[in-house]
Amino acid sequence: MAAIEHPLHELARFLPAGSFDYVVKYLYQYKVHLTVAKSRKSVLGDYRHAHQGNNHRISVNGNLNVYEFLITLLHELAHLLTFEQYQNRVEPHGKEWKAIYSKLLIDFVAFGVFPTEIVAALQKSIISPAATANGETELLMVLRKYNSSKKEGVCFIADLPMGALFRLSNGKVFRKGELRRKRYTCIEIKTGLTYTVSAITEVKQLEVINQ
């Protein structure tokens, strides 16, 4: 039986309607120890393979909305399935992992657990999955529209007009510059230094008061 930190009926509240039974099937079959973790800025989820009598271990951040939680869990399950088939003989995010993750996404899309706009955003991931969440900028922007706790005045930096002033969560104020790949070059107002900021960073736009 799967070793899970939350009773199974509690796990259901972290998942989209209709996905619970399919997820639990994998947890039982591969004896997964699933942890719903506190918010981590560096990672959304993590996988540790079975070792010296310990079960496979997966952790997923509990502050994610249900769709982002499920997709993160599928990303980690793909690592588990890749390990089961290839052990450590392949790259962590190589073609083998990509093929398995893509198949999982296709299966869960077919189960009808995602809204239409998320299904559309998932198509790029299905064709060529990214190794990290930051590589799925467009998908994450769609997913995070479903966050229940949106702060007033907070938006993605990608949604701001060029030249807009904004404040990061650390209190520093910047002016938005040009997009380079998936990050914007921004100038910190206080120091004049240039930084790059991820397109999916949540910021607070500041009003410019004309003198």
**Q** For a quick test of reading the model, state the closest non-hydrogen atom pair linking Asp159 to Met141 and the distance between them.
**A** OD1-CE, 3.8 Å

**Q** List the atom of His93, the atom of Ala131, and the distance in Å for their closest heavy-atom pair.
**A** NE2-O, 3.1 Å

**Q** Using the side chain to side chain contact (heavy atoms under 4.5 Å, CB included) rule, take Thr196 and Arg180 through it: C-alpha gap first, then chi angles, then the decisive distance, then the call.
**A** CA-CA 9 Å; Thr196 61; Arg180 294 183 179 177; 6.0 Å; no

**Q** First locate atom CD1 of Ile58, then atom CG of Leu77, and finally report the distance between them rounded to the nearest 0.5 Å.
**A** 4.0 Å

**Q** Got a donor-acceptor contact below 3.5 angstrom from the Lys176 side chain to the Leu160 backbone?
**A** yes

**Q** Out of the candidates Lys172, Arg167, Arg175, only one should pair with Ile189 under the side-chain contact (heavy atoms from CB on, under 4.5 Å) rule; please name it.
**A** Arg175

**Q** Indicate yes or no for a side-chain donor-acceptor contact from Asn65 to the backbone of Glu68 under 3.5 Å, with no hydrogens or angles considered.
**A** yes

**Q** Which atoms form the tightest heavy-atom contact between Ile157 and Ala199, and what is the distance?
**A** CG2-O, 3.4 Å

**Q** Does Phe114 reach the side chain of Leu70, with side-chain heavy atoms less than 4.5 Å apart?
**A** yes

**Q** Any sub-3.5 Å donor-acceptor pair from Ser59's side-chain atoms to Thr35's backbone N or O?
**A** no

**Q** Could you tell me whether Lys25 and Asp21 make a salt bridge, using a distance below 4.0 angstrom between a side-chain N and a carboxylate O?
**A** no

**Q** About how many Å separate CG of Leu64 and OG1 of Thr72, when rounded to the nearest 0.5 Å?
**A** 5.0 Å

**Q** Would you please classify the geometry between the Phe108 ring and the Tyr22 ring as parallel, tilted or perpendicular, with 30° and 60° separating the classes?
**A** perpendicular

**Q** Tell me whether Leu165 shares a hydrophobic cluster with Leu179, the cluster being built from Ile, Leu, Val, Met, Phe, Trp, Tyr side chains joined at under 4.5 Å.
**A** no

**Q** Given Val66 and Leu15, is the side chain to side chain contact (heavy atoms under 4.5 Å, CB included) satisfied, shown in steps?
**A** CA-CA 5 Å; Val66 293; Leu15 296 168; 5.6 Å; no

**Q** Decide side chain to side chain contact (heavy atoms under 4.5 Å, CB included) for Tyr47 and Leu80; before the verdict, give the C-alpha distance in whole Å, the side-chain angles of both, and the deciding distance to 0.1 Å.
**A** CA-CA 7 Å; Tyr47 166 68; Leu80 184 157; 3.6 Å; yes

**Q** Can you tell me how far CG of Leu74 sits from OG of Ser102, rounded to the nearest 0.5 angstrom?
**A** 11.5 Å

**Q** Looking only at heavy atoms, what is the nearest atom pair of Ala158 and Tyr184, with distance?
**A** CA-OH, 3.6 Å

**Q** Taking atom CD of Glu178 as the centre, does the number of heavy atoms from other residues, nucleotides or ligands within less than 6.0 Å exceed 12?
**A** no

**Q** For the atom pair CG (Leu27) and NE2 (His33), what is the distance rounded to the nearest 0.5 Å?
**A** 11.5 Å

**Q** Measure across Lys98 and Ser128 and return the closest heavy-atom pair with its distance rounded to 0.1 Å.
**A** NZ-OG, 4.4 Å

**Q** Between Glu138 and Lys124, does the side chain to side chain contact (heavy atoms under 4.5 Å, CB included) criterion hold? Intermediate values first, please.
**A** CA-CA 9 Å; Glu138 297 85 355; Lys124 183 178 178 181; 3.9 Å; yes

**Q** With rounding to the nearest 0.5 Å, note down the distance linking CG in Leu140 to NZ in Lys182.
**A** 9.5 Å

**Q** Ring-plane angle category for Tyr195 and Phe174, please: parallel below 30°, perpendicular beyond 60°, tilted otherwise.
**A** perpendicular

**Q** Could you check whether any side-chain heavy atom of His49 comes within less than 4.5 Å of a side-chain heavy atom of Asn88, counting everything from C-beta outward?
**A** yes

**Q** For the residue pair Lys31 and Asn55, what are the closest heavy atoms and their distance?
**A** O-CB, 3.0 Å

**Q** In this structure, are over 12 heavy atoms from other groups packed under 6.0 Å from Gln123 atom CD?
**A** yes

**Q** Checking Gln205 side chain against Cys155 main chain: does a donor-acceptor pair fall under 3.5 Å?
**A** no

**Q** Please determine which of Tyr101, Trp97, Tyr86 meets the ring-ring contact (aromatic ring centres under 6.0 Å, His included) test together with His79.
**A** Trp97

**Q** Return the NE2 to CG distance between His75 and Leu105, rounded to the nearest 0.5 Å.
**A** 10.5 Å

**Q** Less than 4.5 Å apart, side chain to side chain, heavy atoms only: is that true for Leu104 and Leu81?
**A** yes

**Q** Classify the ring geometry of His56 against Tyr30: parallel below 30°, tilted from 30° to 60°, perpendicular beyond 60°.
**A** perpendicular

